[in-house]
Amino acid sequence: DSGVTQTPKHLITATGQRVTLRCSPRSGDLSVYWYQQSLDQGLQFLIHYYNGEERAKGNILERFSAQQFPDLHSELNLSSLELGDSALYFCASSPGQGLNNEQFFGPGTRLTVL
Amino acid sequence: AQSVAQPEDQVNVAEGNPLTVKCTYSVSGNPYLFWYVQYPNRGLQFLLKYITGDNLVKGSYGFEAEFNKSQTSFHLKKPSALVSDSALYFCAVRDPLNAGNNRKLIWGLGTSLAVNP
């Protein structure tokens, strides 16, 4: 157990809908990262927050947004969902801004868009 | 631009034999290098990292990796493979001298390791 929790574990929804994925980092970790993993595109970095502020962006679509709250939990919002958004979404956390720190991954949320 | 490559999509090895999972990188400065493992239906787990110092890094589950600056490689190794080592392995690199968005960790596409009994 990494100490990172993600809810829900599974999510099934329809195209055009909006969903929110939630992540609680390890106790004391200030950085949260979001990743998307699909069979055809592998592991894709989406976004990094540190202590409530956005620090880096990866291949995150405009339909997706994220935030980190004062209690350091984070939410990833996915809107106008398409079939291709079906994937595993991982959250990870690390102490500090994580330059030389390893990341601790949650168990993931499996999103299925029908 | 910084990048990382895992040239093999899949590696097959017999149990008890040594294993190597390859990783090469390209950064402008001295890299920070990481290996992670993903077991089926699980999140990624950190195995080991190279930040500075001894080129041979030892990590979890008996794995080790050697940083080779001249060959820009960071191959993951284990002297004797176990069936339970079968998983997806990811290499990642960061150039600490980059600023802002370019500081993000760059991930390889992953190598699937199959250890046969």
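All chains are named by letter (A, B, ...) in the order of the sequence lines, taking the proteins before the strands, and each is independently numbered beginning at 1.
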* Judged by atom type as modelled, is there a donor-acceptor pair below 3.5 Å linking the side chain of Tyr49(A) to the main-chain atoms of Ala66(A)? ->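 Between the backbone of Ala66(A) and the side chain of Tyr49(A) there is a qualifying donor-acceptor contact (under 3.5 Å).
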* Asked: Backbone N or O of Gly96(A) within a donor-acceptor pair of the Ser31(A) side chain at under 3.5 Å?
  ->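 Indeed, once roles are kept as given, a pair shorter than 3.5 Å links the two residues.
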* Side chain, backbone, both or neither: which part of Gln38(B) has an atom under 4.5 Å from a heavy atom of chain A? ->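 Contact with chain A is through the side chain of Gln38(B) alone.
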* **Tyr35(A) portion near chain B, given a 4.5 angstrom heavy-atom threshold** =>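 Contact with chain B: side chain only.
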* Asked: For Gln37(A), is it the side chain, the backbone, both or neither that has a heavy atom under 4.5 Å from a heavy atom of chain B?
  ->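 The side chain, not the backbone.
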* Name the option with the most non-hydrogen atom pairs under 4.5 Å to chain A; the candidates are Leu44(B), Ile51(B), Ile106(B). =>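 The candidate making the most pairs under 4.5 Å is Leu44(B).
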* Under a 4.0 Å N-O cut-off, is there an ion pair linking Lys77(B) with Glu64(B)? ->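 Looking at Glu64(B) together with Lys77(B), the answer is no, because their closest N to O distance does not fall below 4.0 Å.
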* Is the closest side-chain donor-acceptor distance between Asn101(A) and Ser94(A) under 3.5 Å? ->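 No, no side-chain donor-acceptor pair sits under 3.5 Å.
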